[in-house]
Amino acid sequence: MDMTALARTLLEPIPAHRTAGIEVLRAADGAAEVVLETPQELTNVIGSLHSSGLMALVDAAGLGAIIACGTRTGDLDGIVPLGTVAKLEFLAPARGRLVAACRLTDEARHALQPLLAGESEKARLSTQAEVTDAAGTPVCRGSFDWSVRRMRE
């Protein structure tokens with residue numbers, strides 16, 4: 001199911017995502033793509049996107065993929081994902097337009113489904129994202145381990 005509109009509503013207002021200028025391109029069927037134009041204010045000493053910006057991009061792609069695993073908007077009511085471990089692998093300078101893509105593995109989907117269906121209160125899963133530049137060159141790979149809970153009112 002296409003959850004792009006919901007992913008935009010939930011992810012783009014997050015202060016770190018807003019600061020970096022992250023936009024959701026697509027969130028559907030357990031996969032997401034997010035994009036940013038490298039802001040000068042977030043560059044490092046070589047003019048590449050700072051690691052904090054890359055981490056925000058990998059975070060947004062993973063969260064988008066989690067949202068994209070839903071089958072209807074209500075599946076995500078009260079869902080709170082918290083990162084527990086994050087890793088980055090730097091491959092090339094990250095400049096210009098950058099796209100991060102994440103597709104949930106079958107294992108991650110199986111961990112998340114009972115939570116989204118209201119059959120459990122929490123799930124643990126991992127997401128992996130690849131960041132490419134405008135030429136399609138991989139500039140970074142990143143991963144997040146998540147603890148995802150449903151908070152009841």
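Residue numbers start at 1 and run along the sequence shown. Owing to the predicted nature of the structure, the values given are computational and were not obtained by experimental measurement.
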Colleague: Is there a side-chain contact between Thr43 and Glu41, using heavy atoms and a 4.5 Å cut-off?
Modeller: no
Colleague: Between Ile67 and Leu76, is any pair of side-chain heavy atoms under 4.5 Å apart?
Modeller: yes
Colleague: For the residue pair Leu42 and Thr19, what are the closest heavy atoms and their distance?
Modeller: CD1-O, 4.2 Å
Colleague: Would you find a donor on one side and an acceptor on the other, under 3.5 Å apart, between the side chain of Asp29 and the backbone of Met1?
Modeller: yes
Colleague: Given Val139, which of Leu98, Leu91, Thr132 fulfils the side-chain contact (heavy atoms from CB on, under 4.5 Å) condition?
Modeller: Leu98
Colleague: Please determine whether residues Ile79 and Ile14 belong to a single hydrophobic cluster, defined as Ile, Leu, Val, Met, Phe, Trp and Tyr linked transitively by side-chain heavy-atom distances below 4.5 Å.
Modeller: yes
Colleague: Can you check whether His110 reaches Asp106 side chain to side chain, under 4.5 Å on heavy atoms?
Modeller: yes
Colleague: Report yes if some heavy atom in the side chain of Leu125 is under 4.5 Å from a heavy atom in the side chain of Leu104; otherwise report no.
Modeller: yes
Colleague: Once you round to the nearest 0.5 Å, how far does CZ of Arg124 lie from NZ of Lys122?
Modeller: 6.0 Å
Colleague: Within the structure provided, determine whether Ser48 and Phe90 are in side-chain contact (heavy-atom separation under 4.5 Å).
Modeller: no
Colleague: Do Arg150 side-chain atoms and Gly78 backbone N/O form a donor-acceptor pair below 3.5 Å?
Modeller: no
Colleague: Considering all heavy atoms of both residues, which atom of Ala123 and which atom of Ala111 are nearest to each other, and what is their separation?
Modeller: CB-O, 3.3 Å
Colleague: Would you sort out whether His17 and Leu10 count as a side-chain contact (heavy atoms from CB on, under 4.5 Å), showing the intermediate values?
Modeller: CA-CA 11 Å; His17 298 169; Leu10 295 174; over 6 Å; no
Colleague: Give a yes or no on whether the backbone of Ala100 and the side-chain of Glu33 come within a donor-acceptor separation of less than 3.5 Å.
Modeller: no
Colleague: How about Glu107: does its CD atom have over 12 heavy atoms from other parts shown lying under 6.0 Å from it?
Modeller: no
Colleague: Can you name the closest pair of heavy atoms from Phe144 and Gly83 and give their distance?
Modeller: CD2-CA, 4.2 Å
Colleague: Go through the side-chain N and O atoms of Thr127 and Trp146 and say whether any donor and acceptor fall under 3.5 Å apart.
Modeller: yes
Colleague: Are side-chain heavy atoms of Leu116 and Thr71 found at a separation under 4.5 Å?
Modeller: no
Colleague: Taking atom types as modelled, find out whether Ser126 and Asp145 have a side-chain donor-acceptor pair closer than 3.5 angstrom.
Modeller: yes
Colleague: If you group Ile, Leu, Val, Met, Phe, Trp and Tyr by side-chain heavy-atom gaps below 4.5 Å, do Leu88 and Ile22 land in one group?
Modeller: yes
Colleague: Enter the distance from Leu115:CG to Ser120:OG here, rounded to the nearest 0.5 Å.
Modeller: 5.0 Å
Colleague: Any heavy-atom pair between the side chains of Val35 and Arg97 that's under 4.5 Å?
Modeller: yes
Colleague: Is it the case that the side chain of Asp59 and the backbone of Met55 share a donor-acceptor pair, with hydrogens and angles ignored and the cut-off at 3.5 Å?
Modeller: no
Colleague: Would you check if the side chain of Ser143 reaches a backbone N or O of Gln128 as a donor-acceptor pair within less than 3.5 Å?
Modeller: no
Colleague: Can Glu89 and Arg141 be counted as an ion pair, charged N to O under 4.0 angstrom?
Modeller: yes
Colleague: Restricting to non-hydrogen atoms, name the atom on Gly64 and the atom on Ala32 that form the minimum distance, rounded to 0.1 Å.
Modeller: C-CB, 3.3 Å
Colleague: Closest approach of Ala27 and Ala68, non-hydrogen atoms and distance?
Modeller: C-CB, 3.5 Å
Colleague: Please find the pair of heavy atoms, one from Glu12 and one from Glu23, that lie closest to each other, and give the distance.
Modeller: OE2-CA, 3.3 Å
Colleague: Decide side-chain contact (heavy atoms from CB on, under 4.5 Å) for Leu57 and Leu36; before the verdict, give the C-alpha distance in whole Å, the side-chain angles of both, and the deciding distance to 0.1 Å.
Modeller: CA-CA 8 Å; Leu57 200 54; Leu36 66 69; 3.9 Å; yes
Colleague: Which one of Asn44, Thr38, Val131 satisfies the side-chain contact (heavy atoms from CB on, under 4.5 Å) criterion with Leu49?
Modeller: Thr38
